Trainee: 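Handing you this structure, nothing more for now.
Residue numbers run from 1 in the order of the sequence given. Hydrogens, waters and symmetry mates are skipped; everything else that's a heavy atom, side chains included, is used. In this text the structure is predicted, and so the values were computed from the model without any measurement.
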Amino acid sequence: MDDFTTRQLAQMRFGIADFRERKIELNTLLARLEGAARALSQEFWGQTVFDIAVELEQFNADVIEERRPLTSEESLQVEALLTRLESRLDQAW
């Protein structure tokens, strides 16, 4: 794996860690994930990140529209999605 790919995958992992540590909001995490994944390739975005990002976007839209934080249940669902994404990143790594 080349350095560029390694850096982009690391950026996605850093974004997930920052979100979990409450350093960034879900909206910012989604922007980071999309940017890094698309930098790798449209194919990587489509095969690895897109379907999970779509689900995360729904939570993000609800939070923004209703001007509220994630509920406990939503947080659990978001965490499950992030765990699934990390598994895919591990496979790409």
Trainee: Using atom types as modelled and distance alone, determine if a side-chain donor or acceptor of Ser75 lies under 3.5 Å from a backbone N or O of Thr71.
Mentor: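 Pair found, side chain donor or acceptor close to backbone of Thr71.
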Trainee: Are the side chains of Leu85 and Val49 in touch, meaning some heavy atoms are under 4.5 Å apart?
Mentor: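 Answer yes - side chains close enough.
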Trainee: Could you check Glu55 against Arg84 for salt bridge (Lys or Arg N to Asp or Glu O under 4.0 Å), going step by step and ending with a plain yes or no?
Mentor: CA-CA 12 Å; Glu55 291 185 64; Arg84 210 166 90 206; 3.5 Å; yes
Trainee: Could you walk me through whether Val63 and Asn27 pass the side chain to side chain contact (heavy atoms under 4.5 Å, CB included) check?
Mentor: CA-CA 9 Å; Val63 166; Asn27 194 51; over 6 Å; no
Trainee: Which pairs pass salt bridge (Lys or Arg N to Asp or Glu O under 4.0 Å) with one or both residues in residues 41-50, sequence neighbours excluded?
Mentor: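 Found none.
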Trainee: Check whether any side-chain heavy atom of Leu26 lies under 4.5 Å from a side-chain heavy atom of Ile64, and answer yes or no.
Mentor: no
Trainee: Ignoring hydrogens, what is the shortest heavy-atom contact between Ile16 and Leu29? Give both atom names and the distance.
Mentor: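 Residues Ile16 and Leu29, closest heavy atoms: N-CD1, 3.5 Å.
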Trainee: Taking atom CZ as the centre, does Phe59 end up with more than 12 heavy-atom neighbours from other residues, nucleotides or ligands that are less than 6.0 angstrom away?
Mentor: yes
Trainee: Mind checking what makes side chain to side chain donor-acceptor pair (under 3.5 Å) contact with Arg88, not counting sequence neighbours?
Mentor: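 Residues passing side chain to side chain donor-acceptor pair (under 3.5 Å) with Arg88: Asp51.
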Trainee: Name all residues meeting the side chain to side chain donor-acceptor pair (under 3.5 Å) criterion together with Glu86; count only those two or more places apart in sequence or in a different chain, and write none if there are none.
Mentor: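 Arg20.
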Trainee: In terms of heavy-atom contacts, does CD of Gln77 have more than 12 from other residues, nucleotides or ligands at under 6.0 Å?
Mentor: yes
Trainee: Which residue pairs pass the salt bridge (Lys or Arg N to Asp or Glu O under 4.0 Å) test with at least one member in residues 58-71, sequence neighbours excluded?
Mentor: Glu66-Arg68, Arg68-Glu74
Trainee: Are Ile52 and Leu33 side-chain neighbours, meaning at least one heavy-atom pair lies under 4.5 Å?
Mentor: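 The answer is no, as the side chains (C-beta and beyond) never meet within the 4.5 Å cut-off.
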Trainee: Could you pull out every donor-acceptor pair under 3.5 Å between side chains of residues 3-13 and any protein atom, sequence neighbours left out?
Mentor:
| from | atom 1 | to | atom 2 | distance (Å) |
| --- | --- | --- | --- | --- |
| Thr5 | OG1 | Asp2 | OD1 | 2.9 |
| Thr6 | OG1 | Asp2 | O | 3.0 |
| Arg13 | NH2 | Asp90 | OD1 | 2.1 |

Trainee: Which residues pass the side chain to side chain contact (heavy atoms under 4.5 Å, CB included) test with Glu57, sequence neighbours left out?
Mentor: Leu30, Asn60
Trainee: After noting the C-alpha distance and the side-chain angles of Arg32 and Asp18, does the key distance pass the side chain to side chain contact (heavy atoms under 4.5 Å, CB included) rule?
Mentor: CA-CA 11 Å; Arg32 285 190 188 181; Asp18 285 348; 2.8 Å; yes
